[in-house]
Amino acid sequence: MVYICSAFIQEFRNWDTAWALQALYVMVYEIRVLAERADKELATNGKSPEKLKGAGSFLMKVFGVLAGKGPKRVGALYVTCQLFKVYFKLGTVHLCRSVIRSIETARIFDFEEFPKRDKVTYMYYTGRLEVFNENFPAADDKLSYALKHCNPQNEANIRMILKYLIPVKLSIGIIPNDWLLQKYNLVEYSNVVQALRRGDLRLLRHALQEHEDRFLRSGVYLVLEKLELQVYQRLLKKIYIIQKQKDPSKAHQLKLEVIVKALKWLEMDIDVDEVECIMAILIYKSLVKGYFAHKSKVVVLSKQDPFPKLNGKPVNS
């Protein structure tokens with residue numbers, strides 16, 4: 001198999017036109033799939049799975065053949081996407097960087113000349129990489145591009161994109177509609193979304209615990225865990241609104257003991273000292289505008305926009 005593929009690549013290298021590009025696509029795809037199956041079989045028999053790693057090395061050689069001037073270069077993105085699938089499967093996503101640099105910095109490539117299918121796949125995987133790097137604005141751009149240009153009839157692919165785009169959107173303060181979660185069977189995010197809307201810390205933690213394995217496998221657990229700060233912000237805002245209805249003149253003064261009572265009502269056992277630390281973090285990260293009066297144990301809120309919206313930007317790190 002390897003000998004035949006190597007011979008084909010050698011001949012392909014010498015051709016000036018891209019007439020055999022579709023055959024190359026089939027070969028590249030089959031090499032990756034067969035290597036995955038072979039590794040699964042080896043692992044079942046107690047042997048070291050190494051075929052997919054070898055397939056990755058071979059695909060890099062194929063990429064090198066396509067990474068040049070001429071009509072054959074439009075095939076480079078397809079091979080790149082197959083390499084991404086190999087690296088993600090092996091857990092060696094750091095290897096994606098060298099291929100990405102070649103695609104995004106080499107002057108021989110014009111991203112718009114690549115087929116739409118390959119551009120969508122490329123943006124999906126590079127978007128996932130940005131999620132792992134916690135670069136949420138870049139992840140939002142890439143995954144949104146993939147969603148916008150994905151075939152609307154392919155619900156499975158849309159669901160794969162949304163599985164990562166939703167945590168990204170939540171991280172920058174954008175909450176999806178419930179119908180979207182239902183339509184694409186992403187109900188694992190339903191309680192996360194409700195927790196953000198209500199300021200319900202107990203519900204968020206329950207949702208993370210209930211779907212922990214799924215979120216860990218997707219690599220979004222830590223992203224979702226960091227939503228706690230937004231949930232605290234929403235809870236404070238609800239307390240502020242209630243106080244404003246009772247006594248508008250003192251609405252901007254939030255006593256820590258009131259916050260502790262609200263958390264206890266949610267069955268969250270958090271004492272005053274912990275709440276004080278949380279308030280300090282919220283103010284530091286610009287989720288709350290105001291200052292903390294340590295002696296009186298009161299958070300004094302700004303009278304103008306005390307709870308700033310993220311407006312598509314991540315929480316300050």
is_close_aromatic(Phe292, Tyr284), centroid dist under 6.0 Å: no
Centroid-centroid distance, Phe114 to Tyr122, less than 6.0 Å: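 They do not qualify: ring centres at least 6.0 Å apart.
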Closest non-hydrogen atom pair, [X] against [Y]:
X: Leu42; Y: Glu50; result: CD1-N, 4.4 Å
X: Gly56; Y: Tyr87; result: O-OH, 4.5 Å
X: Pro167; Y: Val223; result: O-CG1, 4.0 Å
X: Ala251; Y: Tyr240; result: O-CD1, 3.2 Å
X: Pro176; Y: Leu170; result: CD-CD2, 3.6 Å
X: Phe8; Y: Ala23; result: CZ-CB, 4.1 Å

Can a donor-acceptor pair be found, under 3.5 Å and without considering hydrogens, that links the side chain of [X] to the backbone of [Y]?
X: Arg159; Y: Tyr184; result: yes
X: Ser302; Y: Gln304; result: yes
X: Asp271; Y: Glu274; result: yes
X: Gln233; Y: Pro308; result: yes
X: Tyr125; Y: Phe88; result: no
X: Asp39; Y: Leu52; result: yes
X: Asn14; Y: Gln10; result: yes
X: Ser98; Y: Leu95; result: yes
X: Asp200; Y: Arg202; result: yes
X: Lys309; Y: Gly173; result: no

Steps toward side-chain contact (heavy atoms from CB on, under 4.5 Å) verdict (Asp305, Lys289): CA-CA 7 Å; Asp305 192 22; Lys289 283 169 68 176; 4.2 Å; yes
Plane angle bin for Tyr78 and Tyr25 - parallel if under 30°, tilted between 30 and 60°, otherwise perpendicular: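 Tyr25 and Tyr78: tilted rings.
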Parallel, tilted or perpendicular: ring planes of Trp19 versus Trp15, cut at 30 and 60 degrees: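 Judged by the thresholds at 30° and 60°, the geometry between Trp19 and Trp15 is tilted.
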So, [X] and [Y], do they make that salt bridge, N to O below 4.0 Å?
X: Glu36; Y: Arg32; result: yes
X: Glu113; Y: Arg73; result: yes
X: Asp269; Y: Lys264; result: no
X: Lys313; Y: Asp140; result: no
X: Lys119; Y: Glu112; result: yes
X: Lys285; Y: Glu228; result: no
X: Lys297; Y: Glu257; result: no
X: Arg205; Y: Glu225; result: no

Are the side chains of [Y] and [X] in contact, using a 4.5 Å heavy-atom criterion?
X: Cys81; Y: Tyr124; value: no
X: Ile259; Y: Met279; value: yes
X: Ile103; Y: Phe63; value: yes
X: Thr92; Y: Lys53; value: no
X: Val315; Y: Ser171; value: no
X: Phe307; Y: Leu236; value: yes
X: Leu162; Y: Tyr189; value: no
X: Glu134; Y: Pro314; value: no

Partner residues of His206 under the ring pair (Phe, Tyr, Trp, His ring centres under 6.0 Å) criterion, sequence neighbours left out: none
Verdict with reasoning, His294 to Glu276, per side chain to side chain donor-acceptor pair (under 3.5 Å): CA-CA 9 Å; His294 184 73; Glu276 186 175 337; 2.7 Å; yes
side-chain contact (heavy atoms from CB on, under 4.5 Å) between Leu83 and Cys96, worked out: CA-CA 8 Å; Leu83 277 166; Cys96 297; over 6 Å; no
Residue Phe111 excluded, over 12 heavy atoms near CZ under 6.0 Å: yes
Trace of the side-chain contact (heavy atoms from CB on, under 4.5 Å) decision for Leu222 with Leu224: CA-CA 5 Å; Leu222 293 178; Leu224 296 171; over 6 Å; no
Between CD1 on residue Ile278 and CG on residue Leu229, distance to nearest 0.5 Å: 8.5 Å
Step-by-step side-chain contact (heavy atoms from CB on, under 4.5 Å) determination, Ile270 to Leu201: CA-CA 11 Å; Ile270 299 177; Leu201 186 62; 4.1 Å; yes
